[in-house]
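One structure below.
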Amino acid sequence: MNTIEQMQLKLQELEERSNQRTLPALIHEGRNVVAGGRRMLNLSSNDYLGLASDRKLREEFLGGLSADSFLPTSSSSRLLTGNFTIYEELECTLARLFKTEAALTFNSGYHANTGILPAVSDAQTLILADKLVHASLIDGIRLSSAHCIRYRHNDVQQLARLIAENHAHYRQIIIVTESIFSMDGDAADLATLVQLKQTYHNVLLYVDEAHAFGVRGAQGLGCAEEAGCIQDIDFLVGTFGKAAASAGAYIACRSTVKEYLVNRMRTFIFTTALPPLNVAWTLFIVQRLSTLQKQRKHLEHISRMLRESLTEKGHACPSTSHIVPMIVGNSADTLLRAKELQQHGFYALPVRPPTVPEGTSRIRFSLTAEIKEEEIRELIRLIV
Ligand SMILES: *Cc1c(COP(=O)(O)O)cnc(C)c1O
């Protein structure tokens with residue numbers, strides 16, 4: 001069998017198990033999407049604060065631009081000629097907001113997670129990662145020369161045991177977790193993780209706030225702000241691609257960590273910097289994040305409504321956030337449920353293996369502040 005035939009066979013297998021993926025043809029209309037000729041409310045967006053669909057905001061940003069500031073490319077890595085001043089402005093603003101010594105930005109969350117861990121770890125490093133961390137973190141671990149053990153999801157007792165058993169045998173241990181988890185929508189107990197790491201001199205903490213940046217905390221800085229432990233996290237990472245309605249990512253950290261990454265992080269060094277235009281838009285949004293408390297409150301309210309109704313109707317719902325999974329089980333049934341919802345005007349998507357474990361295929365509702373209470377009520381009526 002040649003390579004192409006092997007690919008065809010693998011694709012066929014995926015299709016038979018209802019796990020084949022295709023690129024959807026979509027038209028975006030603000031908070032709605034049009035697919036297959038049907039207009040549906042988008043319940044699968046990461047635009048958690050509704051900023052990406054806010055036309056007024058874009059108009060305001062455009063109003064401040066000229067041909068001189070409309071810079072669609074950096075033409076270089078930041079270490080060569082791609083370091084425009086807008087980058088430094090964004091990083092200073094982030095460091096000021098987080099009250100950390102420094103901040104560094106990256107082209108995406110994927111670049112951040114695949115670049116930081118390989119840069120800061122070596123063969124004398126042990127990475128202890130939550131079983132459910134995002135694929136980008138797994139890839140970062142794979143690219144590193146560290147040893148890695150995955151601990152049971154949010155099981156701090158097992159984590160504590162692993163640290164106790166291993167800390168003397170390694171130069172350093174890095175705990176790796178998300179704050180709000182992508183697929184279950186539940187959260188890590190950051191305060192406890194900080195407490196745990198502080199009992200050892202060689203344990204560091206890496207937290208990915210992809211789903212929490214913009215959404216949690218009084219200023220929208222994430223779960224670490226909410227828990228009051230920003231300064232206790234060694235690698236506090238987040239993306240601008242979700243609630244911040246832009247592209248790119250950040251780390252808030254000590255100056256030494258920043259300087260080290262600039263020297264060692266391959267996904268930072270060997271890539272063309274994001275367009276200054278994009279960075280200007282990110283800065284424009286970041287400067288407004290603290291004013292969006294009303295959106296955060298509303299998002300929390302409708303998320304709670306949906307979670308509580310799912311639980312009431314007997315759906316085990318692990319979520320404590322705006323990411324609310326409805327676990328169906330096998331992939332074929334999940335596809336059918338998603339189709340049904342779509343026929344009623346709700347664009348909700350199925351999540352299947354390998355993104356989630358076999359047998360836990362689910363509809364994943366990803367709510368945004370633009371969804372109305374009445375729409376959630378209607379969704380609830382449909383589900384039950
Ligand atoms: C989306 C996501 C990323 C990737 O961020 P991008 O900016 O989209 O590359 C990383 N980690 C988690 C947990 C995510 O959900």
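Read the numbers this way: they start at 1 and go in the same order the structure lists the ligands and their atoms.
Looking at D47 and R31, no side-chain N of the basic residue comes within less than 4.0 Å of a carboxylate O on the acidic one, giving no salt bridge. Taking the charged nitrogens against the carboxylate oxygens, K197 and D234 do have a contact shorter than 4.0 Å, which makes a salt bridge. Checked for salt-bridge contact, R304 and E300 meet the test: a charged N lies under 4.0 Å from a carboxylate O.
The closest approach between A210 and ligand 1 falls below 4.0 Å for a heavy atom of the residue.
Note that R96 lies outside the cation-pi zone of F98, set by a 6.0 Å cut-off to the ring centre and a 45° limit from the axis.
Under the ring-ring contact (aromatic ring centres under 6.0 Å, His included) test applied with Y250, the options F106, F213, Y87 reduce to a single match, F213. Each of L143, V176, V133 was checked for a side chain to side chain contact (heavy atoms under 4.5 Å, CB included) with I138, and the lone residue meeting it is V133.
The ligand atoms of ligand 1 that sit less than 4.0 angstrom from a heavy atom of G109 are 4 (C), 5 (O), 6 (P), 7 (O), 9 (O). Contact atoms of ligand 1 toward S182: 13 (C), 15 (O) (distance under 4.0 Å to a heavy atom of the residue). Atoms of ligand 1 lying under 4.0 Å from any heavy atom of S136, numbered from 1 in the order shown and given with element: 10 (C), 11 (N). Applying the 4.0 Å criterion to heavy atoms of H211 picks out, from ligand 1, the atoms 14 (C), 15 (O). Each of the atoms 4 (C), 5 (O), 6 (P), 9 (O) of ligand 1 lies under 4.0 Å from some heavy atom of Y110. Close approach of ligand 1 to N113 is summarised as follows: ligand atoms under 4.0 Å from at least one heavy atom of the residue are 10 (C), 11 (N).
H298 and H301 have tilted rings, their planes meeting at an angle from 30° to 60° on a 0 to 90° scale.
In terms of protein heavy atoms, atom 11 (N) of ligand 1 is closest to D208 OD2, 2.6 Å. Of all protein heavy atoms, the one lying nearest to atom 2 (C) of ligand 1 is K242 NZ, 2.4 Å. At the shortest separation from atom 8 (O) of ligand 1 among protein heavy atoms lies T239 OG1, 4.4 Å.
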Item to check | Steps toward salt bridge (Lys or Arg N to Asp or Glu O under 4.0 Å) verdict (E373, R377) | outcome: CA-CA 6 Å; E373 204 180 296; R377 286 221 181 80; 2.5 Å; yes
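Residue E178 places no N or O, backbone or side chain, under 3.5 Å from any N or O of ligand 1.
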